[in-house]
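In this text, all values refer to a predicted model and were calculated from it rather than measured experimentally. Throughout, protein chains are lettered first and strands after them, A, B, ... in sequence-line order, and every chain is numbered starting at 1.
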Amino acid sequence: MTTRTLAPAQSKSASFGAAGAVFIGRSLRHSLRNTEALMMAILLPIMLMLLFTYVFGGALDPSGHYVNYVVPGIILLCAGFGSSSTAVDVATDMTNGIIDRFRTMPIASMNVITGHVTASLARNLLATAIVIGVGLLVGFEPSADFLEWLGAAGMITLFILTFTWLFAAIGLVAGTPAAASGYGFALLFLPYLSSAFVQTDTMPTWLQWIAENQPITPVIETIRGLLTGTPIGNQAWLAVGWCLLLLIIAIVWGSWSFRRKAGRR
Amino acid sequence: MIPAIEIRGLRKAFGKQTVLSGIDLNVPAGTIFALLGPNGAGKTTLIHILSTLVAPDAGSVRIAGHDLVGGKDGVKRSISLTGQFAAVDEVLTGEENLRMMGRLSGLSASEAKARAEELLRRFDLTDAARKRVKTYSGGMRRRLDLAVSLVVRKPILFLDEPTTGMDTHSRRALWDMILGLAEEGVTVFLTTQYLEEADQLADRIAVIAGGKIVAQGTAKELKARIGEDVLELRDERDEVFREIPTGGSVGEIKRLLDDLVRSVPEGARLNLRRPSMDDVFVALTATPKEESVS
């Protein structure tokens with residue numbers, strides 16, 4: 001062994017922003033190396049677009065314009081699937097010794113979670129771009145002007161952020177990665193019980209009530225209205241309100257659970 | 001001089017289960033301190049409290065002069081923890097792990113890179129630097145884990161059962177490293193189940209059992225507590241069947257042998273040896289059985 005010191009003295013620590021950037025970089029690396037999740041983020045949108053346009057489309061809307069109806073639904077469905085892996089990522093971190101190391105460093109350790117959230121946002125915006133790209137190839141004809149596109153992008157981003165945080169909170173609360181994956185399944189069902197794939201007035205009355213009063217429907221109607229010019233009414237406000245409410249609940253619930261679980265694995 | 005770690009009347013219970021019932025310890029700066037005890041004695045809980053992961057129920061703790069409750073940030077700046085399970089990111093490579101920790105500790109990108117290379121060399125991981133940790137063996141993981149703890153030097157290093165699951169060669173290498181750190185002035189607080197480890201490394205040892213410190217002192221002092229020499233009796237197959245602590249004086253041993261001649265079987269042989277840490281351990285932890293915690 002050499003006589004050099006084993007470790008140089010160091011008393012400073014990474015700033016909040018620097019630590020945040022490190023954790024985002026870490027989670028993006030994780031995303032790129034998790035081949036299954038990445039393939040799903042890319043292939044799922046393509047397959048769902050083709051499935052709903054060519055297999056179900058003809059039956060659901062014989063006029064051939066179903067693709068115009070279904071694009072917002074598929075964006076949300078993909079975002080739901082794409083963000084669900086956040087629950088597993090977070091739960092895996094929380095059950096590994098590495099979280100103890102982060103917690104005992106003089107940094108904001110909650111940044112581990114925001115790193116995963118940011119990576120999920122990036123993955124799902126990519127998936128959204130693919131949905132729209134494939135949609136355009138198979139006959140999607142958006143009527144949106146620049147501002148409407150911007151509004152739709154904002155709505156989609158807010159929705160992904162909300163869903164990802166909900167999954168992150170599930171990952172924090174769940175005891176194991178497998179449990180996190182199981183609990184998350186319930187959320188993935190929501191888009192089917194909305195106006196994503198069929199109009200709600202085709203459903204039985206009781207189901208109609210559920211579909212019209214759950215958060216996915218206003219988000220779908222808002223995106224659809226912005227992209228294809230259908231009436232939006234008060235749906236945009238409802239959508240933003242729902243998302244912000246759920247986002248705050250998820251962040252508060254997740255942060256509480258993060259602190260509570262210190263030292264327990 | 002401020003002690004590196006000062007613990008007074010520390011208590012912790014999880015629900016109804018008392019894990020630590022009144023711990024008092026002093027660890028002088030720059031020394032190696034070993035907390036020795038069986039599984040479930042409260043070793044890991046104590047490490048978790050000292051490293052800010054778990055809040056104590058009662059008592060006061062000062063780490064490098066910072067109060068554990070009021071000065072958490074100061075404590076975090078002064079410590080580094082290597083837990084019982086390798087705390088490394090399996091998806092990243094060894095090099096990426098070290099660079100990430102360097103960046104989180106406030107090093108610049110180039111400083112972190114240089115530091116990572118140096119540590120990989122020192123811990124014999126250069127060949128595996130660009131492989132994902134997922135593919136590492138247990139020993140490699142442990143070495144990386146310790147390397148990560150040393151990315152920047154903190155005055156106090158906590159090691160929770162650092163050599164559990166290591167082969168003899170890696171264990172020796174790690175011991176050398178720990179001794180080297182202490183020479184440089186780092187205070188090392190480690191837990192172990194291995195008496196030999198405490199004996200070889202530690203300036204002071206505390207024995208914990210059932211959430212209480214049942215003895216503390218240097219290895220020599222602890223051994224002295226159970227007498228000077230141990231009389232070992234072996235049967236025909238050369239297996240030890242009885243160990244008797246003695247004061248070591250000729251008179252006492254003669255009296256002992258006079259008694260033994262009548263009770264031991266024909267052909268028994270005797271051997272007089274210095275007490276081992278095992279003797280100390282058995283003698284000290286056997287008594288307070290009723291309060292053992294899981």
Side-chain angles (χ1 to χ4, degrees), chain A residues 1-35 37 88-89 92-109 111-112 115-116 119 177 258-265, chain B residues 14 44-45 48-49 51-55 72-93 96-97 99-107 111 115 118-119 122 132 145 148-155 157-158 160 173 176-177 180-181 183-186:
Chain A
M1 272 196 21
T2 61
T3 50
R4 261 186 313 164
T5 55
L6 270 170
Q10 172 85 13
S11 60
K12 57 184 177 172
S13 57
S15 67
F16 187 84
V22 170
F23 284 121
I24 291 170
R26 168 177 182 259
S27 296
L28 286 173
R29 276 208 172 94
H30 277 228
S31 290
L32 288 173
R33 287 177 194 178
N34 185 345
T35 330
V88 179
D89 293 342
T92 305
D93 266 359
M94 295 300 287
T95 48
N96 183 299
I98 201 162
I99 195 70
D100 288 346
R101 180 155 349 245
F102 291 145
R103 283 184 204 271
T104 55
M105 296 175 86
I107 50 167
S109 46
N111 265 324
V112 182
H116 285 308
F258 184 79
R259 276 194 303 274
R260 197 178 62 95
K261 287 207 169 169
R264 286 193 223 168
R265 271 181 287 115
Chain B
F14 291 115
T44 297
T45 303
H48 279 172
I49 291 176
S51 59
T52 75
L53 287 173
V54 172
K72 226 178 193 177
D73 225 48
V75 172
K76 287 183 178 182
R77 272 174 217 288
S78 316
I79 63 164
S80 182
L81 166 72
T82 297
Q84 209 171 110
F85 305 101
V88 286
D89 189 325
E90 305 226 317
V91 179
L92 302 183
T93 67
E96 285 167 344
N97 265 287
R99 286 168 69 170
M100 173 173 77
M101 288 302 170
R103 297 288 283 145
L104 288 177
S105 307
L107 299 181
E111 285 168 332
R115 186 69 188 138
E118 190 188 336
L119 285 164
R122 194 179 290 269
R132 294 193 201 175
D145 202 22
V148 165
S149 294
L150 299 178
V151 163
V152 295
R153 190 219 304 242
K154 300 294 181 76
L157 182 61
F158 291 108
D160 195 2
D176 283 343
M177 252 162 229
L181 284 170
E183 259 166 43
E184 289 168 25
V186 175

(message) Measuring from atom CD of B/Gln84 to atom CG of A/Asp100, what distance do you get when rounded to the nearest 0.5 angstrom?
(response) 11.0 Å

(request) Select one option (side chain, backbone, both, neither) describing which atoms of A/Ala19 are under 4.5 Å from chain B's heavy atoms. (result) both

(request) Side chain from CB out, backbone as N, CA, C, O: work out which of these in B/Ser149 comes under 4.5 Å of a heavy atom of chain A, or both, or neither. (result) both

(request) Flag the one option from B/Val148, B/Asp73, B/Ile79, B/Val186 with the top tally of heavy-atom pairs under 4.5 Å to chain A. (result) B/Val148

(request) Might you point out which heavy atoms bring B/Leu92 and A/Arg29 nearest each other, and give the distance in Å? (result) CD2-CD, 3.8 Å

(message) Out of B/Glu96, B/Lys72, B/Glu90, return the one with the most heavy atom pairs under 4.5 angstrom to chain A.
(response) B/Glu96

(request) Select, from B/Ser51, B/Ser78, B/Pro155, B/Ala87, the one with the greatest count of heavy-atom pairs under 4.5 Å involving chain A. (result) B/Ala87

(message) Has A/Arg26 got a side-chain atom pairing as donor or acceptor with B/Met100's backbone, closer than 3.5 angstrom?
(response) no

(message) Is B/Arg99 close to chain A through its backbone or its side chain, or both, or neither, when contacts mean heavy atoms under 4.5 Å?
(response) neither

(request) Please flag which part of B/Glu183 lies under 4.5 Å from any non-hydrogen atom of chain A: side chain, backbone, both or neither. (result) neither

(request) Using the side-chain contact (heavy atoms from CB on, under 4.5 Å) rule, pick out the option among B/Leu53, B/Leu81, B/Thr52 that qualifies with A/Arg103. (result) B/Leu53

(request) Work out which heavy atom in A/Arg33 is nearest to a heavy atom in B/Thr93; give both atom names and the distance. (result) NH1-N, 4.0 Å

